[in-house]
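No hydrogens, no waters, no symmetry mates; every other heavy atom, side chains included, goes into these values.
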Amino acid sequence: MGKDIIADIITSIRNADMDQKRRVQIVSTNITKNIVKILLREGFLENIRKHEESQKNFLVSTLRHRKTGKGKKIILKRISRPGLRIYSNYKRIPKILGGMGIVILSTSQGIMTDREARLEKIGGEILCYIW
């Protein structure tokens, strides 16, 4: 039985956000790099840097926090999981909060957001929702 790397990323970011920590350390794989790049591009993260510790590569990400403790929290929800894969064509990709949130999909052309998938007219596996 393998590990669910995407669920680990989501849990790490969610826990750091709840504790109002600035940095998150994530194991570096191709999937995690692509997801973290999307989060950086969409404004959920401030920056990313590589870190090596005891011959393991990590990505250290800085969360974008609000100035006061009363701001909105990052909400991440895992949809497709190893025991239950959820697929969608490009016409049926859900819009989160009327387009305010994002859906991250794994498609035949790589990991991308719902907006990119609709423009390319390709569907795929729905990995997670973020708002």
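Ile75 and Met18 sit in two unconnected hydrophobic clusters of ILVMFWY residues. Membership requires side-chain heavy atoms under 4.5 Å apart, directly or through other members. By the criterion of side-chain heavy atoms lying less than 4.5 angstrom apart, applied directly or through intervening Ile, Leu, Val, Met, Phe, Trp or Tyr residues, Phe44 is grouped together with Ile26 in one hydrophobic cluster. Under the 4.5 Å side-chain contact rule for hydrophobic residues, Leu105 and Ile122 do not share a cluster. Hydrophobic clustering keeps Ile48 apart from Val60 (ILVMFWY residues linked when any side-chain heavy atoms are closer than 4.5 Å, directly or through intermediates). No single ILVMFWY cluster, assembled from side-chain heavy atoms under 4.5 Å apart, contains both Leu127 and Val103.
Put simply, CG on Leu63 and CD on Gln20 are 11.0 Å apart, with the number rounded to the nearest 0.5 Å. One distance of note links SG of Cys128 with CD1 of Ile35; it measures 6.0 Å at 0.5 Å rounding. To the nearest 0.5 Å, atom CD1 of residue Ile126 and atom OG of residue Ser88 are 4.5 Å apart. Distance check, rounded to the nearest 0.5 Å: CD1 of Ile111 to CD1 of Ile6 gives 6.0 Å. Rounded to the nearest 0.5 angstrom, Thr32 OG1 and Ile5 CD1 are separated by 7.0 Å. Between the NZ atom in Lys37 and the CG atom in Leu45 there is a gap of 13.5 Å [rounded to 0.5 Å].
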Report task. Might you work through the side-chain contact (heavy atoms from CB on, under 4.5 Å) test for Arg118 and Lys95, ending with a clear yes or no? Result -> CA-CA 11 Å; Arg118 283 189 196 97; Lys95 289 188 178 183; 3.4 Å; yes

Query - Ser12/Gln25 under side-chain contact (heavy atoms from CB on, under 4.5 Å): CA gap, chis, key distance, verdict - result: CA-CA 8 Å; Ser12 298; Gln25 188 171 353; over 6 Å; no

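A donor-acceptor pair under 3.5 Å links the side-chain atoms of Asp17 to the main chain of Ile74, judged by distance alone. One N or O on the side chain of Arg78 and one on the backbone of Ser80 form a donor-acceptor pair closer than 3.5 Å. With hydrogens and angles disregarded, no donor-acceptor distance shorter than 3.5 Å links the side chain of Arg81 to the backbone of Asp4.
You'll find the side chain of Phe58 reaches within 4.5 Å of the side chain of Val27, heavy atoms only. For the pair Ile38/Ile130, no side-chain contact is recorded, criterion being any heavy-atom separation below 4.5 Å from C-beta on.
Heavy-atom contacts from other residues, nucleotides or ligands closer than 6.0 Å to CD1 of Ile96 number more than 12. No more than 12 heavy atoms of other residues, nucleotides or ligands shown are found within 6.0 angstrom of CZ on Arg23.
Contact record, Thr113 with Arg41: CG2-NH2, 4.1 Å, taken as the closest heavy-atom pair.
Tested against Thr107, the residues Met112, Glu120, Glu125 include a single side-chain contact (heavy atoms from CB on, under 4.5 Å) partner, Met112.
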